[in-house]
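To keep things clear, I will list the structure first and then write my remarks on it.
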There are 4 protein chains.
Amino acid sequence: MNVLITGFEPFGGMSQNPSSALVSWAEQEVFPGADVKAMTLPVTYSKCAEPVVETLHRWKPDVVLLFGVAAGRQAVTLERIAVNIEDAPGLTDNDGEAPVDRPVVKDGPDAYFSTLPLRSIMENLHEEGIPAAFSYSAGTYICNTTMYRVLHEAAEHGLPLQAGFIHLPASPDMFPDGSKPTMAPETVQKALRTIMNTIIKKEAAV
Amino acid sequence: MNVLITGFEPFGGMSQNPSSALVSWAEQEVFPGADVKAMTLPVTYSKCAEPVVETLHRWKPDVVLLFGVAAGRQAVTLERIAVNIEDAPGLTDNDGEAPVDRPVVKDGPDAYFSTLPLRSIMENLHEEGIPAAFSYSAGTYICNTTMYRVLHEAAEHGLPLQAGFIHLPASPDMFPDGSKPTMAPETVQKALRTIMNTIIKKEAAV
Amino acid sequence: MNVLITGFEPFGGMSQNPSSALVSWAEQEVFPGADVKAMTLPVTYSKCAEPVVETLHRWKPDVVLLFGVAAGRQAVTLERIAVNIEDAPGLTDNDGEAPVDRPVVKDGPDAYFSTLPLRSIMENLHEEGIPAAFSYSAGTYICNTTMYRVLHEAAEHGLPLQAGFIHLPASPDMFPDGSKPTMAPETVQKALRTIMNTIIKKEAAV
Amino acid sequence: MNVLITGFEPFGGMSQNPSSALVSWAEQEVFPGADVKAMTLPVTYSKCAEPVVETLHRWKPDVVLLFGVAAGRQAVTLERIAVNIEDAPGLTDNDGEAPVDRPVVKDGPDAYFSTLPLRSIMENLHEEGIPAAFSYSAGTYICNTTMYRVLHEAAEHGLPLQAGFIHLPASPDMFPDGSKPTMAPETVQKALRTIMNTIIKKEAAV
């Protein structure tokens, strides 16, 4: 079972991103039952999804777990849907782009649901004592664009793929004054292990 | 150096309280440079402060660290002041009491400042990557009553005491759905160790 | 120009709903340039959209403005998308239903974008000093179901219709203690007038 | 009955302040049963309280209502206590001052309670449908300094004075995007009228 795990570079003035820290950690871990490839993606509308799309065709992963940070959230949030909008007038990407009401894919469908087993994942995270919730908006910035692009590629090419996006809370070093909620790196790592176990067991049960 | 550490029982429908979990943990740890006594206090206006006040006179601690939980906060919050009000009409204590606008101590002063070295504690928590902030209200429930009573006792009897109250965020198992921000027990334990180190080093420097 | 305006009954223990108060107000107002029909919808998955769908075919409105309340929001929020999910395990509708992960329309598309001129509406609300923002999730309760069903009906039948959903903050009498943000009824009424003017002027400009 | 009503200039990058707008409104209104003097205070630690203190001795008001804005709050908040701390490292006043842990009044008491009839005021605001709540921290910036200075002056000179501080939410034009909760000016004006009526009736009842 091939699992691709991605995170993002820092952006928007942040000096770090817990999703790329998670990728670095995952690269050095063993996940019994899975071959894992991990990569950090650029935070630009034009290039964010490219490394993933290329890997879809070359390495043929069974599962794609896209991770990003959503400062302000207080749980691991499982994104249920990606929308065909890029719209972040006040927040430039790392190329300086700030689109308004632009489709991710011209004439693409309005939205795609995640194809990960989100309810099982949430239940297992709760059992491990890790705060977790569904989210119905991955935003209209790079995270959503990446999720939409990957799900669109899978749909267009009929790839038998489980893919989706998971937002992490900020890490404690990003907001030492507690001005936003944070999650400890150890908890985030435990969350990834729980997510992997959920998917591997589900696969084994088929 | 004698250090008294306290937490509280669960209350208000909660099945646990991270402050009593911290007390249980502290009882089994060694803090070089300090003799530690730890206890869990009852959540009632009439009895919350009694075990502490009695210990002040019998064991003569140099430092009193009162811990409680404030569900909704996203940092270790260092209370700067206790006020002479008990007022929680909608929230009964574990004896069923729900006072309105009642003084903690009749004819006592309006408020007492914490006598802990709060700024050094906050700086050291930040250095350890632990979210921490000052708070200017410990509420008007049992936490505030305990803090006021202890500071009043020290003032009345001229006890050479450093004392104060520290509120912890909820623990993850209290809000698995992430409906309130939480802090991992490991982070809370690291916070207590950092607070102890700050106080012990300050003392040694005198 | 025919404009259908809808609100909802109270639900979930609330004694009122600012969207039905808005409907009552709109029924007695004159909006030059528009014929207005206003109605209050039942808060049940099975019947919420029926009165609207029936009116689509019988009265043939040019515009459908669906209003509801989202307690906790602090602006008039313009919903951009409706999703094909009904999922509110902990919140029964007024018939006692509480579906889990059920599609609004079996085999329907994952989502529909609003067809209202949302950006012009937002800009005009801002000019009038009324807090307003886009929202990318109308939830997975009755509001979303109604929005999805109306947009699906329009898409299936090729109706030349501008339709969408707008969430209002709670009204002040719902949270007198300020435990959630609220918006004064006068401000909500001014918002509806501004929305109507935006749509009527756009139409006239065509 | 002489009533002094104060507000503040804009500060911290804001282009307006709903408390000075309230003062302008109050100057042109009639409040039967009261002689009203209204003034806007400078946002500096050194001068904020001076015009009030001078008026205490010259005009001898029976009531002092100090108003300010607390962006982020969603109710009229009745401050119960002023503390003897000035501490706002990241927020300079309009003179460029940013003190750390400085007392408002050297060797002054730790805190003063408001002497306004706050519970009656809150109950009457609720009856009028205006969101209102107690607050136990007026911050450690200019608002708190003004409140502390006025209550200290009254205490030192034994002035038979009802005085206190009331924080208003931001006004809608400050956050058109709804990024913070706001209160309409009409609601704020109705709140002032309700507060005045509460105090005048209480006085008449004595």
Side-chain angles (χ1 to χ4, degrees), chain A residues 14-18 21-22 69-80 118-137 166-195 198, chain B residues 14-18 21-22 69-80 118-137 166-195 198:
Chain A
M14 294 188 286
S15 61
Q16 50 246 316
N17 189 322
L22 183 65
V69 64
R73 295 206 186 155
Q74 49 210 23
V76 173
T77 46
L78 311 171
E79 299 296 344
R80 297 201 75 174
L118 295 185
R119 193 163 291 272
S120 301
I121 289 172
M122 186 167 69
E123 287 167 357
N124 288 344
L125 288 169
H126 288 175
E127 254 175 49
E128 294 294 323
I130 301 169
F134 290 154
S135 165
Y136 292 90
S137 173
I166 294 166
H167 266 118
L168 305 172
S171 53
D173 48 0
M174 290 167 70
F175 298 98
D177 63 352
S179 57
K180 291 199 190 276
T182 59
M183 186 172 275
E186 295 75 18
T187 307
V188 170
Q189 293 159 10
K190 197 171 151 193
L192 174 54
R193 200 161 278 287
T194 303
I195 293 165
T198 305
Chain B
M14 295 189 287
S15 61
Q16 51 246 316
N17 189 321
L22 183 66
V69 63
R73 295 206 184 154
Q74 50 210 21
V76 173
T77 45
L78 312 170
E79 299 297 344
R80 296 200 74 175
L118 295 184
R119 192 163 293 273
S120 300
I121 289 172
M122 185 166 71
E123 286 167 357
N124 288 344
L125 289 169
H126 287 177
E127 255 176 48
E128 293 294 323
I130 300 169
F134 290 154
S135 164
Y136 291 90
S137 173
I166 295 167
H167 266 118
L168 306 171
S171 53
D173 48 1
M174 290 169 69
F175 298 97
D177 63 352
S179 56
K180 291 200 189 274
T182 58
M183 185 171 276
E186 294 75 18
T187 308
V188 170
Q189 292 159 9
K190 196 171 152 194
L192 174 54
R193 201 162 277 289
T194 304
I195 293 164
T198 306

Could you show, one pair per line, the donor-acceptor contacts under 3.5 Å between chain B and chain A?
residue, atom, partner, partner atom, Å
B/Gln74, NE2, A/Gly178, O, 3.1
B/Gln74, NE2, A/Ser179, O, 3.3
B/His126, NE2, A/Pro176, O, 3.1
B/Ala132, N, A/Pro176, O, 2.8
B/Pro176, O, A/His126, NE2, 3.1
B/Pro176, O, A/Ala132, N, 2.8
B/Gly178, O, A/Gln74, NE2, 3.2
B/Ser179, O, A/Gln74, NE2, 3.3

Which of B/Ala133, B/Pro181, B/Ala184, B/Gly129 touches chain A most, by non-hydrogen pairs under 4.5 Å:
B/Pro181

Can you tell me which of A/Ala132, A/Ala75, A/Pro169 forms the most heavy-atom pairs within a distance under 4.5 Å of chain B?
A/Ala132

Between B/Leu125 and chain A, which part of the residue has a heavy atom less than 4.5 Å away: side chain, backbone, both or neither?
neither

